[in-house]
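Everything below concerns the one structure shown next.
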Amino acid sequence: MNALKELQTCFQPVLGKYTDNVDDMLNLIRPSKEAKFGDFQANFAMPLGKSTGKPPREIAEEIVAAVDLSGLCEHVEIAGPGFINLTLKEQWLKSNLAHALADDRLGVEPVASPRNYIVDYSSPNVAKAMHVGHIRSTVIGDALTRILNFMGHQAKSDNHIGDWGTQFGMIIYGYRNFRVEADFDKDPIGELSRLYRFVRLLIDFHKSTGKLPELQTQLKQLQAELADQKQQQSIAEEKSAIKKIKKEISQTNKRIAECQQQIAKATGIVEQVNADSLVETADAHKDIATAVLLETAKLHEGNAENRELWEKFLPICKQDMQTIYDRLDVSFDMELGESYYHQQLGDVVNDLEAKGFARISDGAMCVFLEDFETPMIVRKQDGAFLYSTTDLATIKYRMENFAADACLYVVDHRQHEHFEKLFAVASMWGYDQAELKHVSFGTVMGKDGKPFQTRSGDTVGLAGLLDEAERRALVIAKEVNETLSHPVDESQLKENALVVGIGSLKYADLSQNRSSDYTFDYDKMLALKGNTATYLQYGYARVQGIWRKVDTDIDSVRANPVEFAFATGIERSLAVQLLRFEEALSDVLIEYKPNLLCNYLFDLCQIFFRFFDQCNVKNAETESLKFSRLQFCDLTARTLKTGLGLLNIGVLDKM
RNA sequence: GCCCCCGUAGCUCAGCUGGAUAGAGCAACUGACUUCUAAUCAGUAGGUCGCAGGUUCGAAUCCUGCCGGGGGUGCCA
């Protein structure tokens with residue numbers, strides 16, 4: 001049991017006298033922010049003071065007198081308005097360290113009531129190259145699944161791939177009209193993605209040529225509007241009127257900028273087509289956009305030829321996707337994409353209608369919801385289904401086949417409203433017993449402050465990003481290697497660079513609070529100094545270095561445990577931090593925030609490096625102190641390895 | 001129009017179910033490799049936590065308004 005839980009258990013019976021809300025009060029026991037306030041602080045005397053009308057300090061004294069903390073705390077102090085500062089007993093620390101040392105799970109207990117989780121993450125559209133925007137979901141979902149399982153839950157990962165959408169209409173059309181047979185035979189993936197981009201370009205070309213004149217006039221209108229507003233501004237006198245016109249001007253400016261951007265984009269596409277001398281081809285395929293939709297519709301209706309092509313393309317696309325997953329070392333328990341649910345969609349809609357939840361509106365089948373302005377559409381006017389329909393079918397499937405207690409959707413926060421509606425409909429539909437949670441994360445933004453777009457051509461592909469991460473890590477690894485007395489050999493160096501590079505890329509994502517947006521920045525993502533995976537990996541490697549230098553092997557240390565010794569303050573700090581691992585993991589699962597584990601590991605490693613600096617292991621003053629320190633090293637390394645493993649980041653013996 | 005999110009050090013961000021003097025990393029500056037790997041450590045400097053009110057013993061954290069940025073908003077996912 002971790003210290004926090006033990007403290008809560010001790011205080012629980014005492015608090016009953018003061019409040020009905022014991023659990024809330026127990027949550028006010030927190031780790032202390034500063035060492036001088038002890039290891040933990042209990043902050044419940046102040047609110048209890050308010051509710052009972054007694055001075056908080058008096059209550060704190062009563063509680064401290066009544067609570068039995070013998071065996072757990074050596075030092076209990078009341079401070080300030082009524083904080084209770086708690087310092088753990090050395091003996092408690094030592095015996096818990098000994099327990100963790102001997103335990104494969106480092107003393108972390110599985111949860112008392114395990115749940116069945118489905119973690120839905122990554123979910124790329126096949127046939128489109130994965131780009132940086134896809135990494136967040138993949139990495140966060142993977143980490144959460146691992147942490148849930150480690151904590152004793154049953155978590156299954158599901159990659160809900162987009163394998164049934166318009167992109168197949170595009171490559172089917174492209175394959176029929178533009179394929180180069182030899183290229184397809186030689187490099188099917190390359191040819192398919194070329195076809196995808198090519199069809200995309202032609203569609204965008206027609207759209208752009210059609211839209212450009214419209215955009216030009218729109219721009220002129222906006223500019224006229226702006227001139228008009230400026231005129232008004234010059235004659236406005238009243239304060240409120242000035243303010244209003246100012247706001248209007250800034251909005252018009254924004255719209256002008258947007259309009260100009262669209263024009264630039266459209267012009268760029270047109271120019272590209274001209275440059276590649278594709279105008280004739282484009283003209284020969286004037287109706288390509290409709291034709292693509294038609295191919296998609298034919299596929300959905302079960303047209304044999306399109307179905308055959310789809311079956312031919314899908315494995316190719318999935319294999320391409322798999323190369324990225326292999327590099328990230330991510331795998332899924334299930335990969336049930338949109339196509340898997342295709343045949344169930346009609347029944348879903350019929351059932352919703354039969355139960356009176358859905359009705360036709362403007363030709364579309366809609367579920368209207370109290371708290372939302374717009375309905376959730378489950379079938380379009382043209383009879384096609386939408387992703388909301390698939391999502392509903394998926395929920396039904398998961399409940400019926402997995403008895404899921406919780407489904408986590410690790411998806412971009414822009415889909416917030418979609419999920420709110422989805423969960424509302426699901427609950428209305430009868431699936432209200434499970435926790436449905438949108439584990440949303442911020443958008444990866446481009447340098448222009450706009451979200452990364454899939455189409456804008458020069459976005460950073462995921463494969464290239466992984467290459468670059470490994471390349472940078474290799475450069476540094478080579479530098480460091482030259483300073484080592486026993487350098488690692490060339491081939492090992494490359495493998496190390498892979499572990500370090502991919503690790504730092506993942507950590508960059510995981511260490512940030514998932515809900516914040518972040519601006520894509522090569523240097524930040526691929527940083528190998530400071531609060532990075534590399535720092536933690538280096539901490540681990542340093543421990544391994546000690547084992548190589550010391551004349552004792554790890555097995556004999558483990559076989560003959562000695563009592564932990566706190567010869568310095570830093571050793572005690574390390575002890576406390578090591579014993580907080582379980583606490584950190586439980587914290588992650590409250591709001592599904594892997595960054596809390598990153599914080600923990602970073603803190604641990606920081607304390608370890610301080611220990612490493614101040615406490616010599618090999619030449620410790622006494623033999624027993626040396627063994628105690630070796631045990632600290634062992635525990636630290638195992639905690640780092642386990643923690644990083646839960647983030648799916650590897651460690652190295654030497655770097 | 002309506003709804004959601006964000007605004008913390010020069011930069012990137014933690015901290016947000018209210019708790020003691022607001023923290024890291026990067027960048028800058030000063031020190032530390034004859035010592036278990038300097039991908040490290042020790043230190044200096046850097047902040048009216050967007051602004052204004054309110055609630056409270058106590059507010060970066062909760063409430064209201066405003067300013068600024070982003071997103072979503074009936075047939076894309």
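So you know, we letter chains A, B, ... as the sequences are listed, proteins then strands, and number each from 1. On a predicted model such as this, the values are computed, not experimentally measured, just so you know.
Side chain A:D523 to base B:A27: no donor-acceptor pair is found below 3.5 Å. For a distance-only test at 3.5 Å, the side chain of A:Y538 fails to qualify as a donor-acceptor partner of the base of B:A39.
Among the protein residues, A:G162 comes within range of no part of the nucleic acid, since none of its heavy atoms lies under 4.0 Å from any strand. Using a 4.0 Å heavy-atom cutoff across all strands shown, A:L386 reaches sugar-phosphate atoms only and no base atom. Using a 4.0 Å heavy-atom cutoff across all strands shown, A:N85 reaches at least one base atom of the nucleic acid. Residue A:A79 is in base contact, counting any heavy-atom pair closer than 4.0 Å across all strands shown. A:N616 comes within 4.0 angstrom of a nucleotide base, judged by non-hydrogen atoms across all strands. Among the protein residues, A:Q606 comes within range of the sugar-phosphate backbone only, with heavy atoms under 4.0 Å from sugar or phosphate atoms but none that close to a base. Nucleic acid contact class of A:A527 (heavy atoms, under 4.0 Å, all strands): none. Using a 4.0 Å heavy-atom criterion, one finds that A:Y535 contacts the sugar-phosphate atoms exclusively. Using a 4.0 Å heavy-atom distance criterion, A:C633 is classed as making no nucleic acid contact. Residue contacts shown for A:K618 include a base, since a base heavy atom lies under 4.0 Å away.
Using P as the reference atom, B:G47 and B:U8 are 15 Å apart when rounded to the nearest Å.
Counting only heavy atoms from C-beta on, A:D613 has its side chain closest to B:C41 among B:A24, B:C41, B:A14. Closest contact between the side chain of A:S361 and the listed nucleotides B:A39, B:G1, B:G74 involves B:G74. The side chain of A:M46 lies closest to B:G19 when the candidates are B:C75, B:U40, B:G19. Looking at the side chain of A:Q41, the nearest of the listed nucleotides B:A20, B:C4, B:A77 is B:A20. Considering only the side chain of A:F612, B:A38 comes nearest among B:C4, B:A38, B:G72. Taking only side-chain atoms of A:E373, from C-beta outward, the nucleotide of B:A14, B:C2, B:G19 with the closest atom is B:C2. Checked against B:A20, B:C36, B:A39, the side chain of A:K529 finds its nearest nucleotide in B:A39. Comparing B:U37, B:G74, B:C76 by their nearest atom to the side chain of A:L484 picks out B:U37. Here the side chain of A:V617 is nearest to one of B:C75, B:A24, B:C36, namely B:C36. When distances are taken from the side chain of A:Q512 to each of B:C4, B:C13, B:G19, the shortest belongs to B:C13.
Rounded to an integer number of Å, the gap from A:K421 NZ to B:C4 P is 14 Å. At whole-Å resolution of the value, CG in A:D204 and P in B:C76 are 16 Å apart. As rounded to whole Å, 14 Å separates atom C1' of B:U12 from atom OH of A:Y507. In this structure, A:D24 atom CG and B:U17 atom P are separated by 13 Å, rounded to whole Å. A:R610 has its CZ atom 17 Å from the C1' atom of B:A38, to the nearest Å. Atom CZ of A:R30 is separated from atom C1' of B:G19 by 8 Å (rounded to the nearest Å). Taking atom CZ of residue A:F609 and atom C1' of nucleotide B:A32, one finds them 16 Å apart after rounding to whole Å. Rounded to whole Å, atom C1' of B:C75 lies 4 Å from atom CD1 of A:I377.
Each of A:L510, A:V410, A:L505 was evaluated against A:V139; a single residue qualifies, A:L510, per the side-chain contact (heavy atoms from CB on, under 4.5 Å) test. Partner of A:F612 under the side-chain contact (heavy atoms from CB on, under 4.5 Å) criterion, chosen from A:V617, A:T636, A:I570, A:I546: A:I546. Just one residue in the list A:L48, A:D24, A:T52 forms a side-chain contact (heavy atoms from CB on, under 4.5 Å) with A:T19, and that residue is A:L48.
Partners of A:D517 by side-chain contact (heavy atoms from CB on, under 4.5 Å), not counting sequence neighbours, listed by chain and number: A:H413, A:T443, A:M445. Applying the side-chain contact (heavy atoms from CB on, under 4.5 Å) rule to A:T532 yields the partners A:A527, A:T534, A:Y535; only residues at least two apart in sequence or on another chain are considered.
Applying the 4.0 Å criterion to OP1 and OP2 of B:U35, one finds that A:N619 has every side-chain N and O outside that range. Regarding contacts with the backbone of B:C75, every side-chain N or O of A:Q381 stays at 4.0 angstrom or more from both OP1 and OP2.
The 5' end of RNA chain B is approached more closely, in terms of each residue's nearest nucleotide, by A:A45 than by the other of A:A45 and A:R542. Closest-nucleotide positions on RNA chain B for A:P47 and A:D517 were compared, and the one nearer the 5' end corresponds to A:D517.
Aromatic ring pairs are classed by plane angle as parallel below 30°, tilted from 30° to 60° and perpendicular above 60°; the pair A:H438 and A:F419 is tilted.
Between A:F83 and A:F37, the ring center distance fails the sub-6.0 Å criterion. You'll find the ring centres of A:Y387 and A:H160 outside the 6.0 Å limit.
In this structure B:C49 sits in the anti conformation; its chi angle is more than 90° from 0.
With the 3.5 Å cutoff on both pairing distances, Watson-Crick and G-U pairs in RNA chain B assemble into runs of at least 3 at B:1-7 with B:67-73, B:10-13 with B:23-26, B:28-32 with B:40-44, B:50-54 with B:62-66.
With centres under 5.5 Å and a plane angle under 30°, the ring of A:F37 is stacked against the base of B:A20.
With values rounded to the nearest 0.5 angstrom, A:L345 atom CG is found 10.0 Å from A:W164 atom CH2. Atom OG of residue A:S339 and atom CZ of residue A:F168 lie 8.0 Å apart, to the nearest 0.5 angstrom.
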